[in-house]
Amino acid sequence: MNKTLVVAQWEYVEKVRSKAFLIGLFLTPMIIVAMGVLPGLLADKENETTKVIGIVDATGELAQPLARRMERYTLSNGQPNYLTRFVAVGTTINLPAAIRDADSMVERGELDGYILLDLRGRKDTTVEYRSKTAGDIRLVNRLGEHVRNILSERRLIARGIDPSILDDLRVPIELRTVKIAAGEQEETDFVKTFFSAYIFIMAMFFLIFTSGQLLVRSVLEEKSNRIVEVLVSSCTPKELMFGKVLGLSAMGLTQMAFWALIALAVLGKVGSTAFPPVEQILLMVVFFILGYLFYSAIFIAFGSPVTTEQEAQQLNGYLVLFVILPVALVLPVMQHPDADWVKVLTFIPLLTPTFMALRIPVQMPSTGEILGAIALLIAATYLMMIAAGRIFRVAILATGKRPSLAEIWSWVREG
């Protein structure tokens with residue numbers, strides 16, 4: 001144990017003192033904040049220049065009211081946000097020719113885009129907005145909302161109903177979501193539930209990615225420089241392996257603790273209450289630790305036999321995919337946390353930590369499922385650590401070409 005701690009201390013101090021660690025310590029949260037906040041701020045930012053919007057109206061009745069509504073929007077400098085231009089209006093227009101003219105005007109830059117209103121003889125109310133780009137969601141939503149309101153008002157008038165009644169009929173409501181569990185009620189919302197699971201997955205991803213990558217590269221570097229032969233003359237391969245795992249784990253946890261303090265400080269400053277209950281946090285921490293140890297053993301088992309930097313990068317990419325995979329299943333798992341397929345995937349050790357992190361905030365799994373998942377991870381981690389130790393003992397001194405899977409399996413079986 002003393003030699004294991006010496007190796008762990010050396011790995012920790014060397015990595016923590018490096019410039020890459022110090023830069024990443026401050027740069028990573030800045031990147032995360034930028035990725036999470038800036039897109040929303042930029043999406044909410046109003047236009048800076050006036051846009052010219054064309055109208056092709058085959059009904060002859062919608063162009064004028066739509067133009068009046070769109071010209072109500074203004075920029076920060078007081079200029080109109082949108083200028084409307086009637087390209088073709090009336091029931092007798094040659095619609096194909098009008099569309100060709102409008103398309104040409106868009107291509108020449110005379111129009112930023114145009115809306116096509118052709119509802120004659122159609123049961124639906126589908127309209128088209130045509131432009132060079134389809135990324136202005138705000139404009140599309142505004143056009144769609146105004147066309148819908150105009151049509152609704154016209155139908156009310158046709159039935160002899162005052163259109164102002166429509167505003168009175170629209171009752172604004174606020175829908176709260178309350179989770180009932182064990183006779184207790186807890187008010188929650190999707191954003192809080194989603195981000196509690198999302199942060200868990202991202203934290204595990206960063207810890208596994210950084211620590212696992214450093215672990216593989218550390219072994220590869222020592223094998224290439226033949227330093228490992230000196231190391232194993234002073235300690236056993238088992239002590240060396242566990243020392244590396246402890247040292248790099250401590251480094252990763254140092255990063256996590258520093259980022260957690262920053263997050264708590266920011267949330268406390270803005271007065272946020274987006275914290276899950278304590279029992280959920282404790283359970284997620286348990287799965288976080290077990291999941292990290294399990295993945296560490298996998299990185300050791302499959303990383304120690306690599307012989308080149310390219311192989312190490314490919315290996316890291318494949319293993320990290322298993323951590324990111326549940327992100328693609330966030331919405332289905334949150335909508336159906338008790339589905340049979342979700343329960344089955346939960347008991348696959350590679351997916352257990354992340355799937356439990358998704359299920360716990362939404363609907364707490366049964367006590368049997370939680371204990372079973374913990375027992376499964378402990379057993380899987382124990383067996384994987386044994387296998388990793390046997391592979392590590394042989395692989396760190398092996399030279400030449402990369403061993404085949406059959407050779408690696410023989411190391412595990414005969415160790």
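Within 6.0 Å of atom CH2 in W409, 12 or fewer heavy atoms from other residues, nucleotides or ligands are found, so the atom counts as exposed in its surroundings. Within 6.0 Å of CD on E110 lie more than 12 heavy atoms contributed by other residues, nucleotides or ligands. Sparse packing is recorded around CG of D340, with 12 or fewer heavy atoms of other residues, nucleotides or ligands lying under 6.0 Å away.
V56 is listed as a side-chain neighbour of L95, based on a closest heavy-atom distance under 4.5 Å. In this structure, the side chains of N81 and T74 stay at 4.5 Å or more apart for every pair of heavy atoms. Residues V344 and F355 are not in side-chain contact: their nearest non-hydrogen atoms beyond the backbone lie 4.5 Å or more apart. Contact check for Y292 versus L253: no side-chain heavy atoms found under the 4.5 Å cut-off. A heavy-atom distance below 4.5 Å is found between the side chains of L248 and K15. V6 places none of its side-chain heavy atoms less than 4.5 Å from the side chain of E239. Between R69 and N149, the closest side-chain pair of non-hydrogen atoms falls below 4.5 Å.
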Criterion side-chain contact (heavy atoms from CB on, under 4.5 Å) on T236 and F242, from CA distance to verdict:
CA-CA 10 Å; T236 65; F242 280 106; over 6 Å; no
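Note: T381 OG1 to L293 CG = 6.0 Å, rounded to the nearest 0.5 Å. The OG1 atom of T84 sits 11.5 Å away from atom CD1 of I115, with the distance rounded to the nearest 0.5 Å. The CG atom of D103 lies 10.5 Å from the CZ atom of R108; values are rounded to the nearest 0.5 Å. If you take CG on L283 and CE on M356, they are separated by 7.0 Å, rounding to the nearest 0.5 Å. Atom CD1 of I378 is separated from atom CG of L290 by 5.5 Å, given to the nearest 0.5 angstrom. In this structure, OH in Y82 is found 4.5 Å from CG in L139, a value given to the nearest 0.5 Å.
A donor-acceptor contact shorter than 3.5 Å links the side chain of T352 to the backbone of T346. For D57 (side chain) and L62 (main-chain N/O), a donor-acceptor pair under 3.5 Å exists by modelled atom type. A donor-acceptor contact shorter than 3.5 Å links the side chain of D112 to the backbone of V52.
Across every non-hydrogen atom of T50 and P80, the tightest pair is OG1-O, 2.6 Å. For M384 against I298, the heavy-atom pair with the smallest separation is CG-N, 3.8 Å. The shortest heavy-atom contact between G113 and V106 is CA-CG2, 4.1 Å. Across every non-hydrogen atom of A388 and I300, the tightest pair is CB-CG2, 3.8 Å. The two residues F294 and L350 come nearest to each other via the heavy atoms CE2-CD2, 3.8 Å. Closest heavy-atom contact between F287 and A373: CE2-CB, 3.7 Å.
Ring-plane geometry between Y73 and H146 is classed as tilted, the angle between the planes lying from 30 to 60 degrees on a 0 to 90 degree scale.
In this structure, D338 pairs ionically with R359, as a charged nitrogen and a carboxylate oxygen lie closer than 4.0 Å.
Taking the ring centroids of F26 and F258, they lie under the 6.0 Å cut-off.
Checked options L116, L117, V87; the residue passing with I55 is L117 (criterion: side-chain contact (heavy atoms from CB on, under 4.5 Å)).
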